[in-house]
J.: 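My questions will all concern the structure given below.
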There are 2 protein chains.
Amino acid sequence: MITIKDIAKKANVSEGTVDRVIHNRGGVSKKTKAKVKEILAFYNFRVNPVASALAMKNKHFIAALIPEHNDSDLFWKSPYLGILKGANDVKRFGVQVNNFTFNQYDPDSYLKTFFSLLETKPTAVIMVPNFLKETKIIVSKLEALDIPYLFLNINIDGFNNKAFVGQDSYMAGYIAGKLMNLSVPKPSSFLIIQARHNIIKNNSISNRIKGFNEYLLKNRISSKTQTLQIDNLNDSLNTKEKINTYLKDHPEVEGIFVPSSRIYIVVNCIEASYLKNIKFIGFDNTPQNIECLKNDSVSFLISQKPFEQGYESVRLMTNCLTLKKDYLNNKIHLPIDILTKENVDYNERNEIVFESEVQKNNS
Amino acid sequence: MITIKDIAKKANVSEGTVDRVIHNRGGVSKKTKAKVKEILAFYNFRVNPVASALAMKNKHFIAALIPEHNDSDLFWKSPYLGILKGANDVKRFGVQVNNFTFNQYDPDSYLKTFFSLLETKPTAVIMVPNFLKETKIIVSKLEALDIPYLFLNINIDGFNNKAFVGQDSYMAGYIAGKLMNLSVPKPSSFLIIQARHNIIKNNSISNRIKGFNEYLLKNRISSKTQTLQIDNLNDSLNTKEKINTYLKDHPEVEGIFVPSSRIYIVVNCIEASYLKNIKFIGFDNTPQNIECLKNDSVSFLISQKPFEQGYESVRLMTNCLTLKKDYLNNKIHLPIDILTKENVDYNERNEIVFESEVQKNNS
DNA sequence: TATATTTGTGTGTGCGCACACGAATATATT
DNA sequence: AATATATTCGTGTGCGCACACACAAATATA
């Protein structure tokens with residue numbers, strides 16, 4: 001493995017100069033810089049990240065800006081845990097990760113949390129761009145400070161984010177369509193349940209719906225879809241009433257597609273008599289959803305691998321920081337996992353083994 | 001973060017002595033050893049793996065013993081690539097990985113390759129225990145030399161392997177049964193195609209078959225299964241004849257399950273008239289199999305994530321070596337991925353991004 | 001008693017890199 | 001031309017650890 005010292009010798013300069021060239025620290029004449037660069041390239045030199053980390057000793061601070069999770073919305077717990085595991089893994093490279101969470105329904109909270117995040121002087125940011133307008137503000141701030149950032153889970157085009165880590169929502173919906181047709185092969189009618197705020201929040205929900213519909217279209221499936229809007233899924237009384245009334249009026253419905261992580265709410269609101277004659281397909285492996293999968297009320301869940309999303313984000317950003325890799329605007333699409341009651345337990349190993357928890361007893 | 005120097009000061013000994021205690025190098029009096037240990041424990045001291053790796057600089061050599069791959073059997077290419085990527089990732093910790101491949105149908109080759117592997121004096125071994133008898137010989141040799149080893153892809157109980165990295169074959173077969181029933185819901189007949197050598201080689205094939213059958217049984221599916229043995233799938237003339245004759249004699253067959261990675265051979269041997277009326281389910285995301293998936297001749301493939309198997313093995317063994325972690329006999333079960341033509345492209349990102357391939361142009 | 005061997009401990013060096021400091025050289029100012 | 005200032009570059013130190021070496025004290029052997 002070639003070292004800085006080797007390069008210095010070959011270029012007839014000192015190690016310090018090579019170091020300056022590598023890190024663009026300036027203070028090097030054009031001529032020497034060119035010469036060193038040439039040799040660097042010729043020998044395809046890469047800094048040894050281990051030695052670098054040792055010498056740097058905690059110089060990088062990644063701040064993560066993600067929605068908070070609670071008992072009724074456990075989805076965001078997984079990316080959080082993934083980030084934690086990632087943080088543990090990259091600790092050794094002198095990278096410290098801090099989490100900041102905001103209320104995913106409140107743009108103000110998003111913005112405020114960001115500004116308190118900013119005060120910790122992070123060297124990089126991992127963020128879930130939940131609101132368009134506020135994201136613009138945040139991004140302009142970050143770019144002014146020359147802080148690299150990447151998008152997690154939600155993608156918005158038109159920014160200079162280093163990367164996007166998440167799922168191809170359209171294709172995920174498309175696959176949901178396929179699974180629905182597989183579950184209800186004969187011509188039938190499928191109901192799509194949509195929460196009002198989904199429309200505003202982000203377009204991954206609508207991309208899933210688009211994909212779902214287009215599967216039926218492209219494969220000339222004669223089944224039809226219809227949509228039911230429910231303002232607030234957390235209002236269980238209202239939800240219950242609305243759905244059951246709807247199903248009473250529409251006995252032709254044999255499949256329900258919930259393009260969000262809230263299918264467990266829908267299932268729990270529906271009367272038993274409807275439940276057993278309707279196939280359900282939803283998103284995300286939250287504990288509540290997994291329970292529905294296991295008790296056979298839900299046929300399939302599509303996972304967007306939230307744990308991996310968090311983990312990969314940290315790894316990716318660490319690469320950017322320590323190796324100066326550039327994934328600019330790269331879309332890192334995670335697998336579209338089809339979950340059934342049988343394979344769900346094998347799907348995401350999101351246990352976190354902290355090094356400190358490992359005990360050695362070699363006495 | 002507490003360092004060896006700190007410990008030494010607190011114990012009133014030199015750093016060298018602390019080092020000796022930490023690594024059980026001996027040559028320390030009982031009294032001082034006890035004192036140092038106490039302080040070590042009190043401050044919950046862990047060596048800094050980064051500094052350790054830097055100082056060690058290539059002291060670990062992992063040797064991987066896996067089946068070779070060729071054009072007709074591409075399955076083993078993925079674990080190989082996974083190992084390569086893992087090797088690249090752990091290089092920075094002073095771990096070097098070397099691959100040794102053997103003929104998976106020849107026990108002698110297995111043994112011979114192992115002994116030539118042994119001559120390279122590895123400090124750890126990742127192996128695919130393809131043959132029981134020979135594995136016993138290998139393992140006894142390894143244990144005599146105190147070389148840790150782990151099993152990849154194939155699991156055999158009763159050994160002191162650090163871990164097993166692979167899939168739960170039984171459950172994978174079980175899920176195949178579910179998918180088959182989903183594809184052919186009405187009472188029908190399914191054909192299981194088995195190669196002779198599968199029976200001898202390992203029991204993951206038979207576990208898959210067991211799982212497949214038990215799904216039908218446990219869920220009271222009235223569909224039946226029958227088995228066709230084909231000695232050598234590579235003999236295409238013979239295979240073609242056997243299968244097509246069989247299907248002519250058994251027109252009731254509406255689904256074919258191939259519990260190995262060779263489903264593409266079966267599909268390619270079957271006459272077009274049968275092809276379009278039969279559903280196919282098989283294993284593994286080899287290029288040929290993926291092609292079958294995409295042209296709709298195969299409905300589902302179950303992936304055992306071979307790339308990840310290789311990658312995880314290297315990571316795991318590296319942890320054992322550098323952090324003295326102990327996963328003894330731990331089963332690391334990878335996900336049971338259900339692949340369709342729609343999600344297959346998202347499934348395994350097994351491109352190998354070598355650090356050296358990344359070019360920077362910040363001029 | 002003299003010499004060899006074992007046992008216990010401290011010291012020093014290097015792993016590859018980041019960065020501070022200061023020296024040497026080049027350029028600008030009066 | 002002399003001094004001031006900027007530019008360019010080399011040297012040295014330390015990050016935390018592993019391990020070779022040196023050396024003393026304790027014990028064994030001649």
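Letters go in sequence order (proteins before strands), and every chain restarts at 1.
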J.: Among A/Ile83, A/Leu152, A/Val165, A/Leu150, whose side-chain contact (heavy atoms from CB on, under 4.5 Å) with A/Glu312 holds?
T.: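 One option only clears the test, and that one is A/Val165.
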
J.: Indicate whether OP1 or OP2 belonging to D/dC9 is found under 4.0 Å from a side-chain N or O atom of A/Thr32.
T.: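 Affirmative; the distance criterion is met.
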
J.: Look at B/Ser52 and D/dA18 and indicate whether a side-chain polar atom (N or O) is within less than 4.0 Å of OP1 or OP2.
T.: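 Yes, within the criterion.
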
J.: Is B/His23 near enough to D/dA18 that one of its side-chain N or O atoms lies under 4.0 angstrom from OP1 or OP2?
T.: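 Yes, within the criterion.
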
J.: Return the nearest nucleotide to the side chain of B/Val13; candidates are C/dG10, C/dC17, D/dC17.
T.: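 Closest nucleotide to the B/Val13 side chain: C/dG10.
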
J.: Mind checking B/Asp19 for me? I need base, sugar-phosphate or nothing, with any heavy atom below 4.0 Å counting as a touch.
T.: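 Contact class for B/Asp19: base.
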
J.: With the side chain counted from C-beta on, respond yes when B/His60 and B/Val90 share a heavy-atom pair under 4.5 Å apart, and no when they do not.
T.: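 Side-chain contact under 4.5 Å: no.
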
J.: Whole Å only: how far is the CG atom of A/Asn24 from the C1' atom of C/dA18?
T.: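 It is 15 Å, rounded to the nearest whole Å.
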
J.: When you measure from the side chain of B/Ser14, which nucleotide among C/dC17, D/dC19, C/dT11 comes out closest?
T.: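 That would be C/dT11.
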
J.: Roughly how many Å is it from CZ in B/Arg25 to C1' in C/dG10, rounded to a whole number?
T.: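 Value for this atom pair: 15 Å.
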
J.: Taking NZ from A/Lys33 and C1' from D/dT7, how many angstroms apart are they, rounded to a whole number?
T.: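 Atom NZ in A/Lys33 sits about 14 Å away from atom C1' in D/dT7.
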
J.: Please report the distance, rounded to the nearest Å, between CD in B/Glu15 and C1' in C/dG8.
T.: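 After rounding, the reported distance stands at 17 Å.
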
J.: For A/Phe151 and A/Phe164, I'd like to know if the aromatic rings sit close, meaning centre-to-centre distance below 6.0 Å.
T.: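 No, they do not, as the ring centres are separated by 6.0 Å or more.
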
J.: Side chain of B/Thr3 only, heavy atoms from C-beta on: which candidate in D/dG16, C/dC19, C/dG16 is closest?
T.: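 From the listed options, D/dG16 comes nearest.
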
J.: Please give, in whole Å, the distance from D/dG10 C1' to A/Ile4 CD1?
T.: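 Rounded to whole Å, this separation is 14 Å.
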
J.: What is the distance from CD1 of A/Ile22 to P of C/dG16, rounded to the nearest Å?
T.: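 Atom-to-atom, A/Ile22 to C/dG16, this comes out as 14 Å.
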
J.: Is it true that A/Thr113 and A/Ser116 share a donor-acceptor pair across their side chains at a distance under 3.5 Å?
T.: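 No, no side-chain donor-acceptor contact under 3.5 Å.
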
J.: Look at the side chain of B/Lys35 and the backbone N and O of B/Ala11, then say whether any donor-acceptor pair between them is shorter than 3.5 Å.
T.: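 Yes; at least one donor-acceptor contact below 3.5 Å.
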
J.: Report which part of the nucleic acid A/Val50 touches: base, sugar-phosphate, or nothing (heavy-atom distance under 4.0 Å, all strands).
T.: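 Nothing, no nucleic acid heavy atom in range.
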
J.: What pairs with B/Ser52 under side-chain contact (heavy atoms from CB on, under 4.5 Å), at least two apart in sequence or on another chain?
T.: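 Here the qualifying residues are B/Met56.
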
J.: Please state how far atom NZ in A/Lys31 lies from atom C1' in D/dC9, giving the value in whole angstrom units.
T.: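 It works out to 13 Å between those atoms.
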
J.: In whole Å, what is the span from the CZ atom of A/Arg46 to the P atom of C/dA18?
T.: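 So the two atoms are 14 Å apart, to the nearest Å.
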
J.: Can you find a side chain N or O atom of A/Thr17 that sits less than 4.0 Å from OP1 or OP2 on D/dG10?
T.: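 Yes.
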
J.: What does the list of N/O pairs under 3.5 Å between the protein and nucleotides 20-22 of chain D look like, with a distance for each?
T.:
none

J.: When you compare the side chains of A/Tyr149 and A/Glu143, does any donor N or O come within less than 3.5 Å of an acceptor on the partner?
T.: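 A/Glu143 and A/Tyr149 do have a side-chain donor-acceptor pair below 3.5 Å.
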
J.: Taking only the side-chain heavy atoms of B/Ser29 (C-beta and beyond), determine which of D/dC17, D/dC9, C/dG8 contains the nearest atom.
T.: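 Comparing D/dC17, D/dC9, C/dG8 against the side chain of B/Ser29, the answer is C/dG8.
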
J.: For B/Val28 and A/Leu54, take the nucleotide of DNA chain C holding the closest heavy atom to each; which residue's nucleotide lies nearer the 5' end?
T.: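 Its nucleotide being nearer the 5' end, the pick is B/Val28.
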
J.: Which atom names give the shortest non-hydrogen contact between B/Arg20 and B/Gly27, and what distance separates them?
T.: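 Between these two residues, the closest heavy atoms are CD-O, 4.5 Å.
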
J.: Closest to the B/Lys5 side chain: C/dC17, D/dC17, D/dC15?
T.: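 So the side chain of B/Lys5 is nearest to D/dC15.
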
